[in-house]
Amino acid sequence: MTSSSLLFLWLSLLLRYQIWLQLLWLGPASQAQQGTQPQSIKIEGDITLGGLFPVHARGPAGIPCGEIKREKGIHRLEALLYALDQINNDPDLLPNITLGARILDTCSRDTYALEQSLTFVQALIQKDNSDVRCSNGEPPIIPKPERVVGVIGASGSSVSIMVANVLRLFAIPQISYASTAPELSDNSRYEFFSRVVPPDSYQAQAMLDIVKAMGWNYVSTLASEGNYGESGVDAFIQISREAGGLCIAQSIKIPREPRPGEFDKIVKRLMETSNARGVIIFANEDDIKRVLQAAKRANLTGHFLFVGSDSWGAKSSPIEDQEEVAEGAVTILPKRASIDGFDEYFTSRSLENNRRNIWFAEFWEDDFKCKLTRPGIKYDPDRRKCTGEERISQDSQYEQEGKVQFVIDAVYAMAHALHSMHMDLCPGSMGVCEKMDPVEGRMLLQYIRSVNFNGSAGTAVMFNENGDAPGRYDIFQYQMSNVSNPGYRVIGQWTNHLRLNLEDMQWSGGEQKVPDSVCSFPCESGERKKMVKGVPCCWHCELCDGYQFVLDEFTCDMCPFDMRPLKNRTGCRPTPIIKLEWSSPWAIIPVFLAILGILATTGVISTFVRFNDTPIVRASGRELSYVLLTGIFLIYLITFLMIAEPSVVVCAFRRLLLGLGMCISYSAMLTKTNRIYRIFEQGKKSVTPPKFISPTSQLLITFILISVQLLGVFVWFGVEPPHTTIDYEEQKPPNPEFARGILKCDMSDLSLILCLSYSILLMITCTVYAIKSRGVPETFNEAKPIGFTMYTTCIIWLAFVPIFFGTAQSTEKMFIQTTTLTVSMSLSATVSLGMLYIPKVYVIIFHPEQNVQKRKRSFKAVVQAATGSDADKSFT
């Protein structure tokens with residue numbers, strides 16, 4: 001047996017049980033109770049429609065119904081009565097056919113509504129009453145219940161779902177005026193359900209578009225427990241997940257029966273993600289109001305930014321006395337218009353002319369805050385007595401309820417479907433013909449889905465294949481500041497796409513700027529996003545430091561080696577290229593020393609050339625002196641090459657002259673000291689002079705020593721031709737703003753040392769010979785001055801090494817090393833010039849009387865004087 005068959009059997013048994021109870025307890029007491037607690041309104045007609053309205057609120061535990069609902073209950077019910085009057089008085093719509101109605105109160109409770117709706121299907125169930133007898137033994141006379149061809153309602157989605165499951169079994173079409181749950185769009189489960197309001201899937205899309213238009217990406221959701229709230233939030237979450245770009249901080253469900261303090265806990269939970277100021281709320285009026293109250297108690301007025309569904313809409317009851325908390329709330333409502341005809345109709349209703357509405361007296365008491373004298377109702381002395389002369393909108397506040405338009409459209413949709421059906425099945429007939437008695441529900445459903453007419457607000461009323469109406473919404477914002485009349489203001493529309501006027505929006509305190517509701521604020525320039533795992537809208541901002549730039553919003557990348565990041569790190573820029581400028585302090589001192597040295601060397605050479613044949617010049621070894629002075633000159637000259645802008649030519653001359661000047665100088669001095677050493681060592685053994693001490697021999701030896709340096713340089717030229725390079729690593733400090741590329745020759749520290757190593761070797765060898773020759777007479781040629789020169793030169797170069805290599809990590813390494821090298825070379829050249837030649841020049845120029853030839857002595861006498869006596873010795 002299928003589930004449908006089981007449900008059908010259960011309903012049959014339930015109806016039989018109800019009938020048995022009615023017959024068993026039928027009596028005066030029961031009738032009195034029915035009189036004081038009316039259950040339905042019956043409007044006679046040729047065709048009867050059912051109506052389901054939340055006339056009363058849900059009652060407390062154990063009581064099905066509570067207080068009367070003036071707007072959502074009475075206004076909507078009267079809208080159905082108004083529509084019936086209009087249709088029955090319209091000669092062009094269902095002519096000669098009167099529409100009637102059976103209207104029930106759902107009391108805002110799905111289970112109670114299901115029980116009430118069984119009235120609609122009584123006529124469709126074959127009941128076996130053979131076992132039912134009256135007290136006198138006679139069979140009961142049971143009136144045949146009216147046949148309901150279609151139902152208008154219900155209001156709440158949970159109620160509509162419950163009722164739709166029953167009506168589907170009996171093929172009774174149903175048109176709702178307020179149920180928006182997406183679940184009801186499932187045509188396979190609710191095939192007889194249609195609605196003149198768009199489903200929450202459209203509403204959820206509209207709310208998502210609003211959230212995105214305001215720049216929010218992090219919100220929380222609140223839903224009342226039940227089909228409307230839960231399915232609305234589910235649709236919002238599903239659509240936002242598919243669209244991307246929005247994260248749900250928390251999704252909180254409000255219990256159907258909240259315990260004391262429940263709403264304070266909800267507000268506290270919302271504050272756990274305080275950045276999610278936007279709150280998407282699908283809740284009933286009572287829950288909305290209690291959320292606002294809890295926020296006010298928590299002193300959070302102005303913090304939460306509510307986006308409310310159509311259950312909030314433009315109603316004043318949810319925000320009554322909570323206006324400050326609700327300020328700025330954006331709400332949505334199916335596009336509607338106030339029906340002027342209904343206002344005229346409803347404000348003219350009174351106790352005398354509206355007796356067909358069995359709940360109108362209760363509404364009258366609640367609306368005018370008075371008390372009617374009714375049978376069975378105890379008079380309340382604290383409330384004034386109603387006169388019956390009160391008038392709606394004059395003696396009470398009146399505003400047309402938002403769904404009135406849709407109730408009217410729902411009734412008209414049913415009427416147009418019946419009209420089309422009558423035109424097809426009963427052409428020319430003045431009333432209901434046999435083919436429409438009874439009305440076949442499945443056929444009527446087809447006519448309902450085919451209707452297309454202009455509704456009460458002038459907009460088209462139609463249904464898609466799932467029975468849903470098109471999505472058309474007005475967007476409201478509750479505004480208080482800077483407006484003369486606080487209230488809801490239309491700020492946009494949504495009809496498949498959003499049109500939102502952001503400039504018309506106002507927030508707490510009259511602020512025009514849309515507040516933020518984001519998990520993380522945008523990263524500043526030069527920062528990347530480090531995403532929080534599992535929450536795509538949340539991230540931490542990390543600075544792209546050093547030489548990194550922002551490749552994309554999630555990635556830092558290194559700039560190419562020859563570039564540095566822009567100040568905002570959005571890209572890279574070329575690193576500035578520098579060189580040692582002539583105006584730099586690092587260049588001024590070496591150049592000054594080199595100029596002085598060149599002038600001094602030039603002066604010495606000029607003096608020696610002029611006095612070339614004088615005894616002092618000849619005694620100093622003219623040939624080697626000129627060679628040595630040339631080397632000194634080149635040492636000074638290399639300073640200018642080291643400071644000049646690098647080029648291929650400059651780099652070639654640097655390689656050539658850097659070691660050549662020192663090599664020439666120390667080769668000449670080594671040759672001199674070696675000659676002296678060999679003369680005196682030979683003299684100890686023999687009176688025969690050693691070989692290769694003639695000037696020609698000395699020059700040959702010197703040039704042989706120099707040729708080794710030249711050979712090495714030319715081999716270097718062949719292996720690696722000179723060229724320039726830009727060093728981007730030398731001046732690359734942590735702060736890229738100070739990064740510079742240095743234009744330099746392709747000489748590394750190692751190649752520079754290798755270039756000087758041969759000269760240093762000559763210098764050390766010369767120093768060794770100077771030490772060995774320290775015993776010769778002070779007046780013997782230049783042994784002692786050469787010795788002091790070499791000692792001083794060694795000290796200079798020993799100081800050079802730690803300074804040169806100790807600055808390897810400095811950002812100004814190139815400048816320091818260049819200055820250190822050039823100054824050291826200039827000092828060593830100056831020492832050589834000062835100790836070997838300045839005294840001679842001084843004597844030549846200022847004491848020419850001493851520049852005379854002295855008595856010659858034999859080689860033997862000189863050697864004896866050098867090795868054994870303190871007698872007066874001289875040698876020229």
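Bear in mind the structure is a predicted one, so any value in this text is a computation, not a measurement.
Two residues are said to be in side-chain contact when any heavy atoms from C-beta on lie closer than 4.5 Å; Ile595 and Phe640 meet this criterion. Side-chain contact check for Met642 versus Met825: every heavy-atom pair is 4.5 Å or farther apart. The side-chain heavy atoms of Thr570 and Leu566, taken from C-beta on, include a pair separated by under 4.5 Å. Looking only at side-chain heavy atoms (C-beta outward), Ile726 and Asp562 stay at 4.5 Å or farther from each other. Within the 4.5 Å cutoff, the side chain of Lys579 has no heavy atoms near those of the Lys744 side chain. Considering only heavy atoms from C-beta on, Cys559 stays 4.5 Å or farther from Arg564 through its side chain. Within the 4.5 Å cutoff, the side chain of Phe815 has no heavy atoms near those of the Ser584 side chain. Using a 4.5 Å cut-off on side-chain heavy atoms (C-beta onward), Cys755 and Trp716 make contact.
Counting non-hydrogen atoms of neighbouring residues, nucleotides and ligands closer than 6.0 angstrom, the CG atom of Leu502 exceeds 12 such neighbours. Within a 6.0 Å radius of CZ in Phe717, more than 12 heavy atoms belonging to other residues, nucleotides or ligands are found. Atom CZ of Arg610 has 12 or fewer neighbouring heavy atoms from other residues, nucleotides or ligands inside a 6.0 Å radius. When the shell of 6.0 Å around CD of Glu524 is examined, it contains 12 or fewer heavy atoms from other residues, nucleotides or ligands. The number of heavy atoms from other shown groups lying within 6.0 Å of CZ (Phe653) does not exceed 12.
Proximity of a side-chain donor or acceptor of Ser517 to a complementary backbone N or O of Val219 within less than 3.5 Å is not detected. Distance alone, capped at 3.5 Å, is enough to place a donor-acceptor pair between the Ser759 side chain and the Gly659 backbone. Listed for the Trp586 side chain is no donor-acceptor partner under 3.5 Å among the backbone atoms of Glu581. One N or O on the side chain of Arg618 and one on the backbone of Asp613 form a donor-acceptor pair closer than 3.5 Å. Ser757 places a side-chain N or O within donor-acceptor distance of the main-chain N or O of Leu754, the cut-off being under 3.5 Å. Between the side chain of Thr822 and the backbone N or O of Thr819 there is at least one donor-acceptor pair closer than 3.5 Å. Checking side-chain atoms of Asp516 against main-chain N and O of Val518 turns up no donor-acceptor pair under 3.5 Å. Without hydrogens or angle criteria, Arg573 side chain to Met563 main chain gives no donor-acceptor distance under 3.5 Å. Proximity of a side-chain donor or acceptor of Ser665 to a complementary backbone N or O of Ile632 within less than 3.5 Å is detected.
One distance of note links CG of Leu593 with CG of Leu827; it measures 6.5 Å at 0.5 Å rounding. Atom OG1 in Thr671 sits 6.0 Å away from atom CD1 in Ile701 (nearest 0.5 Å). A distance of 8.5 Å separates CG of Leu629 from OH of Tyr626, quoted to the nearest 0.5 Å. Rounded to the nearest 0.5 angstrom, Thr767 OG1 and Ile760 CD1 are separated by 11.5 Å. Of the inter-residue distances, the one linking Tyr666 atom OH with Ile635 atom CD1 reads 5.5 Å to the nearest 0.5 angstrom. With values rounded to the nearest 0.5 angstrom, His847 atom NE2 is found 10.5 Å from Ile616 atom CD1.
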Can Val650 and Glu645 be said to form a side chain to side chain contact (heavy atoms under 4.5 Å, CB included), step by step? CA-CA 8 Å; Val650 170; Glu645 182 175 349; over 6 Å; no
Tell me, with the steps shown, if Ser274 and Met271 meet side chain to side chain contact (heavy atoms under 4.5 Å, CB included).
CA-CA 5 Å; Ser274 58; Met271 285 304 294; 3.9 Å; yes
Requested in this report: Could you check Cys538 against Cys247 for disulfide (SG to SG under 2.5 Å), going step by step and ending with a plain yes or no?
Outcome: CA-CA 8 Å; Cys538 299; Cys247 297; 5.9 Å; no
- Please walk me through it: do Asp746 and Arg655 pass salt bridge (charged side-chain N to carboxylate O under 4.0 Å, His left out)? CA-CA 10 Å; Asp746 62 323; Arg655 287 192 188 183; 2.8 Å; yes
TODO: Please test Cys745 against Cys651 for disulfide (SG to SG under 2.5 Å), starting from the C-alpha separation and ending with a verdict.
DONE: CA-CA 6 Å; Cys745 291; Cys651 292; 2.0 Å; yes
Report task. Give the C-alpha distance, both sets of side-chain angles, the deciding distance and a yes or no for side chain to side chain contact (heavy atoms under 4.5 Å, CB included) between Ser824 and Ile796. Result -> CA-CA 6 Å; Ser824 297; Ile796 291 172; 4.2 Å; yes
Q.
Applying salt bridge (charged side-chain N to carboxylate O under 4.0 Å, His left out) to Lys672 and Glu623, what does each step give before you reach the verdict?
A. CA-CA 11 Å; Lys672 280 190 175 187; Glu623 297 78 7; over 6 Å; no
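Heavy atoms only, all atoms of each residue included: Gly278 and Trp216 are closest at CA-CZ3, 3.8 Å. Of all the heavy atoms in Phe738 and Pro733, the pair that sits closest is CB-CG, 3.7 Å. Nearest heavy-atom pair across Ser220 and Thr273 is OG-OG1, 3.9 Å.
Residues Arg569 and Asp545 are not paired through a salt bridge, judged by the lack of any N-O separation under 4.0 Å between the basic side chain and the carboxylate.
A side-chain contact (heavy atoms from CB on, under 4.5 Å) with Trp539 holds for exactly one of Met531, Arg528, Lys530, Glu527; it is Met531.
Tyr636 and Thr830 are linked by a side-chain donor-acceptor pair at a separation below 3.5 angstrom, with hydrogens and angles left out of the test.
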